[in-house]
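Notes follow the structure.
Chain letters run A, B, ... following the sequence lines, proteins first, then strands; residues in each count from 1.
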There are 2 protein chains.
Amino acid sequence: MFELDLRSRAPIYEQLVEKIKELIISKVLKPDEQLPAVRVLAGELTINPNTIQKAYRELEHQGYIYSIPGKGSFIRPAVPEDNTARMQTLENELSRILSEMLYLGMPPRNIITRIKTLLPE
Amino acid sequence: MFELDLRSRAPIYEQLVEKIKELIISKVLKPDEQLPAVRVLAGELTINPNTIQKAYRELEHQGYIYSIPGKGSFIRPAVPEDNTARMQTLENELSRILSEMLYLGMPPRNIITRIKTLLPE
DNA sequence: TTATCCGTACTATTACATATAGTACAATCA
DNA sequence: TGATTGTACTATATGTAATAGTACGGATAA
């Protein structure tokens, strides 16, 4: 279900958080769908259950999943309540990326064109 | 000259790399301009010279500055030669950010409009 | 030449985050 | 009940970050 790069400098739990977020955002994982149990996923990926739990805890804290003891962990249907802070962070990252693309010599028109291919409609 | 967040989870040398890159990209630091000596900057920021050197080494490796023993460290005038790898990384980050903005409910037209305000012309 | 400043390269040490291993407990459900 | 779930906790090993200190060669001005 997930692929990890154990040689990466990025922590395993952080890679897991990003991977799962991508699957939620791209709607591969659907609302209220159950995630693998921490012990199961740990077995599949041959890593420690504590590492999985740390990733799930982080995802729950960020509002992407919810966990119920005795039942399991599930995709949170609704978007996290307060988006403003997260959206501001994204805009800052976006600004930084665009600045660097310009610095590296990519023409503004090409940037716009490239972005439109990444958006619907 | 620089501001650091010692309480941040991000390593000091990494914060330094990002700060200086921003100053280069935004052209606050101009080509061939001399950066503070490792010992001087370490003194100003009250951190260890080794940490500054690690940041400078990374910036040189990424092609943003060049260092000459006995003279100093300077802003590299030209853009790093091979941009393709860096550009690919930026496009991947961009794609991820756009996906998340969409997921959080920002309309595509608003995204385009917002981006155009961040680009020249 | 000498003194000084520059980047650079080491070693050693401390502190912290990551990841693992193991145990335990309460809630859920067949 | 028994099995599975999330959760919490301790302990340990490992790697990275950061510090402290020392040292060397190149560049430059006195």
[X]: partners by salt bridge (charged side-chain N to carboxylate O under 4.0 Å, His left out), with sequence neighbours left out:
X: A:E33; value: none
X: A:R39; value: none
X: A:D5; value: A:R7
X: B:E93; value: A:R96

Between the side chain of B:E100 and the main-chain N/O of A:L90, is any donor-acceptor distance below 3.5 Å?
->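 It does not hold such a pair.
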Could you note down all residue pairs passing salt bridge (charged side-chain N to carboxylate O under 4.0 Å, His left out) where [range] supplies at least one of them, sequence neighbours left out?
range: residues 55-75 of chain A; answer: none
range: residues 110-121 of chain A; answer: A:R114-B:E91
range: residues 22-31 of chain A; answer: none

Of B:V40 and A:P49, the one whose closest DNA chain C nucleotide lies more 5' =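 So the residue in question is B:V40.
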Give me the other members of the hydrophobic cluster that A:Y66 sits in, counting Ile, Leu, Val, Met, Phe, Trp and Tyr linked by side-chain heavy atoms under 4.5 Å, directly or via other members.
-> A:I68, A:F74
Strand-adjacent residues in residues 65-74 of chain B, judged by heavy atoms under 4.0 Å from DNA chain C | B:S67, B:I68, B:P69, B:G70, B:K71, B:G72, B:S73
Identify each donor-acceptor pair in which a side-chain atom of residues 45-55 of chain A lies under 3.5 Å from a protein atom, sequence neighbours left out, and give them as a table.
{"residue": "A:N48", "atom": "OD1", "partner": "A:N50", "partner atom": "N", "Å": "2.9"}
{"residue": "A:N48", "atom": "OD1", "partner": "A:N50", "partner atom": "ND2", "Å": "3.2"}

In whole angstroms, how far is the [atom2] atom of [N] from the [atom1] atom of [X]?
X: B:E60; N: C:dG7; atom1: CD; atom2: P; result: 11 Å
X: B:L35; N: C:dG7; atom1: CG; atom2: C1'; result: 13 Å
X: B:N50; N: C:dT11; atom1: CG; atom2: C1'; result: 11 Å
X: B:I52; N: C:dT8; atom1: CD1; atom2: P; result: 13 Å

What are the bounds, 5' to 3', of the part of DNA chain D that sits under 4.0 Å from heavy atoms of chain B?
->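 It runs D:dA17 to D:dT28.
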side-chain contact (heavy atoms from CB on, under 4.5 Å) evaluation trace for B:L35 with B:L29 | CA-CA 9 Å; B:L35 287 164; B:L29 293 176; 4.0 Å; yes
In B/S/- notation (B base, S sugar-phosphate only, - none; protein heavy atoms under 4.0 Å), nucleotides 13-19 of chain C written 5' to 3' is -----SS
What nucleic acid atoms does B:R39 come within less than 4.0 Å of, heavy atoms only: base, sugar-phosphate, or nothing?
-> base
